[in-house]
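Heavy-atom basis, side chains included; hydrogens, waters and symmetry copies ignored.
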Amino acid sequence: MTRLSASEHGQVRQLQLPQACAINKRKFLGIENVGMAKPYDFKTIEAKWQRIWEERDTFRVTEDPGQPKYYCLEMYPYPSGKNHMGHLRNYSIGDVVARYFQMRGYNVLHPMGWDSFGLPAENAAIEHGLHPATWTYENIAYMRKQLKRMGFSYDWEREITCSEPDYYRWNQWLFLKMHEKGLAYKKPAFVNWCEVCQTVLANEQVEGGRCWRDESEVVQKELEQWFFRITAYTEELLGGVDHLPGWPERVKTMQRNWIGKSVGAEVNFPLVNGESPITIFTTRQDTLFGATFMVLAPEHPLALHLGEGKADVQAFIKRMRAEDRVVRTAADTEKEGVFTRAYAINPLTEEKIPIWVANFVLLEYGTGAIMAVPAHDQRDFEFAQKYKLPIRVVIQPEGGGLSGEDLAKAYEDEGVMVNSGPFNGLATPEGREAVVRHLEERGIGKGAVNYRLRDWGISRQRYWGTPIPIIYCDECGAVPVPYTDLPVLLPTDVEITMKGGSPLARVEGFVNTRCPTCQGPARRETDTMDTFVDSSWYFLRFCNPQAEDQAVEKAKVAYWMPVDQYIGGIEHAVLHLLYARFFTKVIRDLGLVPYGEPFVNLLTQGMVCKETYRCPTHGYRLPQEVDSTGRCTACGQPAEIGRTEKMSKSRKNVVDPDELLDRYGADTARLFSLFAAPPEKDLEWSDKGVEGAFRFLNRVYRLVDGWARQLSKSPTHFSFTALTVGRPVYQKAHLTIKKVTEDLDRDFHFNTAIAALMELVNVLGQFQISGDPGEEAERRYVGRFAAETLLVLLAPFAPHQAEELWERLGHDRSIFKESWPTHDAEVIQREEILVVVQVDGKLRSRIFLPAHAGEDDLRSAALLDSRVQTWLRGKQIKRVVVVPKKLVNIVTEE
RNA sequence: GCCGGGAUGGCGGAACAGGAAGACGCGACAGACUCAAAAUCUGUUGGGCCUUCGCGCCCGUGCGGGUUCGACUCCCGCUCCCGGCACCA
């Protein structure tokens, strides 16, 4: 018996081919004259259709209020040189989405552009002696060509290049608008400084104390910098996360973590000497009675003051301030402190408690000062043990029994308040509220919220970016460049050295200017903007990329926005995706967009990985540098084999897209990257898998091309009820429509959609379009219907081949003008259903019944089945569970 | 430590609402075609068992329990892997 998938079991017998058919198989496959099966000529076909799409402006879109819109956007690339497989995967996913929605009748906006400002251009300038612009624009030209070779359905008329004045002038415009509203401001601050990049980095660009670009250690430097007040939107950015059902949970979690909201209280601790009190922030105000000392951050202004005339305190503060902050603030750094010999009063116990200065308290979180509750905070506990400070239990867990003397570690969980005067007996949640109320009544504190999120530092001491439109005048201070003077052009004659501060500072013609207010001599700001500013609103610009007099054109943006589907890498979960949300809210408040959230649905595609070989002495090796026994060919040592890691040049496990395209073509590259894994999971590259995709496309090609001539004579109508030999194939085609459509609608399950197409091709491979003259009309009708269905469903995945074969079937209109098919529920209705019979939950028999069989029919048929009866012998039937049209389970008495 | 995600054949992965575990592909094995190879086509392919080779039986979705007629799926308790945050008060 031919094995087919379970769902088609009922059709199996009808699909059997008599042995004699094998003789004619070559003929039916259209290869009888070929002698040898040649692969289809993807080079000619792909080039042909790319040319036709371009000539016919197939993917040009304009606003059309009469048609539902769909905005499909993939994160635009940084033009680093060549596209890598991650890009191609990202854009292949996006292209299927865009083409699918187009066929579903949507007006689809699918644009592409270049995130073309950034540091690598400056590095390349030094390395290769090229101007950053030259290097960037050569890369763009190359990468654009690659994308076109992939056949992506972009509206290239909307291409955006961020490094062009017609784009970055609007960065400056937005900066000025934000400056007007107090959302852009300058302040001195400790900032992250990367020695390699010679620039400041935003908090979001520091990962584990290292630069996100070059992974070098980041140091802290105090500099005067421009900031965007993202914290003005903290609550909205946090709350909005709850209203993004189309975003992956992990991205939302990351954003919540990054914003880091803590709810608690601020409490004032008066000083014994009567000076103004120390304010602390705590989330555990219910432990206030257990605060036996206080700790200030070394940078806290009061620390120096209290340490006046105390050499050891001064020395400690000096040493701590000089210490590398990344090291000092690491969790495993030993706690260290010094007693100021000053005292504060615990406002609830009215006890005198000592004030310390210690390394583990951070100025930038909360108020830079803490109350220490050693019994209920592990850090305070460790500190108290080291310096012999009192430990007092004020929270008892259920069952109690804790005492300060024999505590081995802090009890940080919730419990019941003890040793807390009027609050004794309250559980932690109520205690928290009660203490806040008490503090507020007595005016010694208040409920407070703290966030981890800091304002976004955007100044970069680099050349290849947007000039910040500010002029410094000795008389008038920092003066914004008037709107009418925009853009502030980035000068082209600049020397890039990567040392000695902002390159623009050395361009006299740029720096020296006149004050817009007093006309006196003045100097321009020489820092440029973080490149993340460009990507924070580019999706709005795509709606009106050519607008010369405004950043965003209200009506067009209102039509296209929000982005219906955004697709990109998880690495931007916080960075870009947080900034873009912030900018959208700012621009909304400028009255230019009706939405505060830019991206309705977000798909974070997985990385592209490949096996990696590593030799202990020679590092990463190419597969050919490792012999069959797994030893490095250079030194003979056993190499680490087959570990799957993200593709990267340094790991020597990359696949070059150009080679892939030369060898297999765009359709194969697309199909494999969509088939090998669901889009959100990592994709393990497999050369064999690519060949599998290529083989599949060849099968489709031979099949449809082989049929094409005969199918031109097909009848256009045939009654379903009259179908006989072609019936199962016709049904399979309808089932495939259903499956592919559902898979695309349900979170873009491309891999299973493609699997369904493969199943259909497998069935069609067994079907003949000629035969008995009496059957010929039916066979051709069914063959044509199935082949056309296959092509239409395949079109979003392998567009070139679908177009080509569509044309060969006699169509003169693009397959993308076809509307997406719908399945006929009556057709896929089976005449016969397979019922699974279980005895005590174990599969014991299968029976075929007419589709209209009811529950009672199922029950009696199951009980009558001879195999079931064997299993029932000597047993008492307890009950019979019937699942309509599916299953019968006979439960017996033991 | 807190938060999120995950674990299914030799491999990538299916199984939609609790109802046939392993679709589809890769690899492997066999056969057809061929002088031969490649390509193509056709089968077989989770593990084990058998004087019965069957529409056969037993086991099987990280581990241990539970709910249920029935669990990859739900509940409780673990292990391991991946990711985010973290001396954050």
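- Scanning atom types as modelled, one donor and one acceptor separated by under 3.5 angstrom connect the side chain of A:Asn889 and the base of B:rC69.
- Residue A:Arg250 has no polar side-chain atom (N or O) positioned under 4.0 Å from OP1 or OP2 of B:rG84.
- Across all strands shown, A:Gly260 has no heavy atoms under 4.0 Å from either base or sugar-phosphate atoms.
- With both ends at atom C1', the span from B:rG47 to B:rU51 equals 24 Å, rounded to whole Å.
- To the nearest whole angstrom, the two C1' atoms, one in B:rG70 and one in B:rC33, are 49 Å apart.
- Within the structure, a side-chain polar atom (N or O) of A:Asn762 is placed less than 4.0 Å from OP1 or OP2 of B:rG25.
- A:Arg319 has a carboxylate O that lies under 4.0 Å from a charged side-chain N of A:Glu336, or vice versa, which qualifies the two as a salt bridge.
- A:Glu249 has a carboxylate O that lies under 4.0 Å from a charged side-chain N of A:Arg256, or vice versa, which qualifies the two as a salt bridge.
- A stem is defined here as three or more consecutive Watson-Crick or G-U pairs, each with both distances under 3.5 Å; for RNA chain B these stems are B:1-7 with B:79-85, B:10-12 with B:24-26, B:27-32 with B:40-45, B:46-49 with B:56-59, B:62-66 with B:74-78.
- With sequence neighbours excluded, the residues satisfying side-chain hydrogen bond (donor to acceptor under 3.5 Å, both in side chains) with A:Thr231 are A:Asp455.
- Nearest nucleotide to the side chain of A:Thr253, out of B:rG4, B:rA89, B:rC41: B:rG4.
- Side-chain contact annotation: A:Ser262 with A:Asn450, donor-acceptor N/O pair under 3.5 Å absent.
- An OP1 or OP2 oxygen of B:rA23 is reached within less than 4.0 angstrom by no side-chain nitrogen or oxygen of A:Thr752.
- Not one side-chain nitrogen or oxygen of A:Arg702 sits closer than 4.0 Å to the OP1 or OP2 atom of B:rA39.
- When heavy atoms are screened at a 4.0 angstrom cut-off, A:Lys252 is found touching no nucleic acid atom at all.
- In terms of phosphate contacts, A:Arg699 brings no side-chain nitrogen or oxygen within less than 4.0 Å of OP1 or OP2 of B:rA39.
- Results of the side chain to side chain contact (heavy atoms under 4.5 Å, CB included) test with A:Val740 over A:Thr752, A:Leu757, A:Ile754, A:Leu735 single out A:Leu757 as the only residue that passes.
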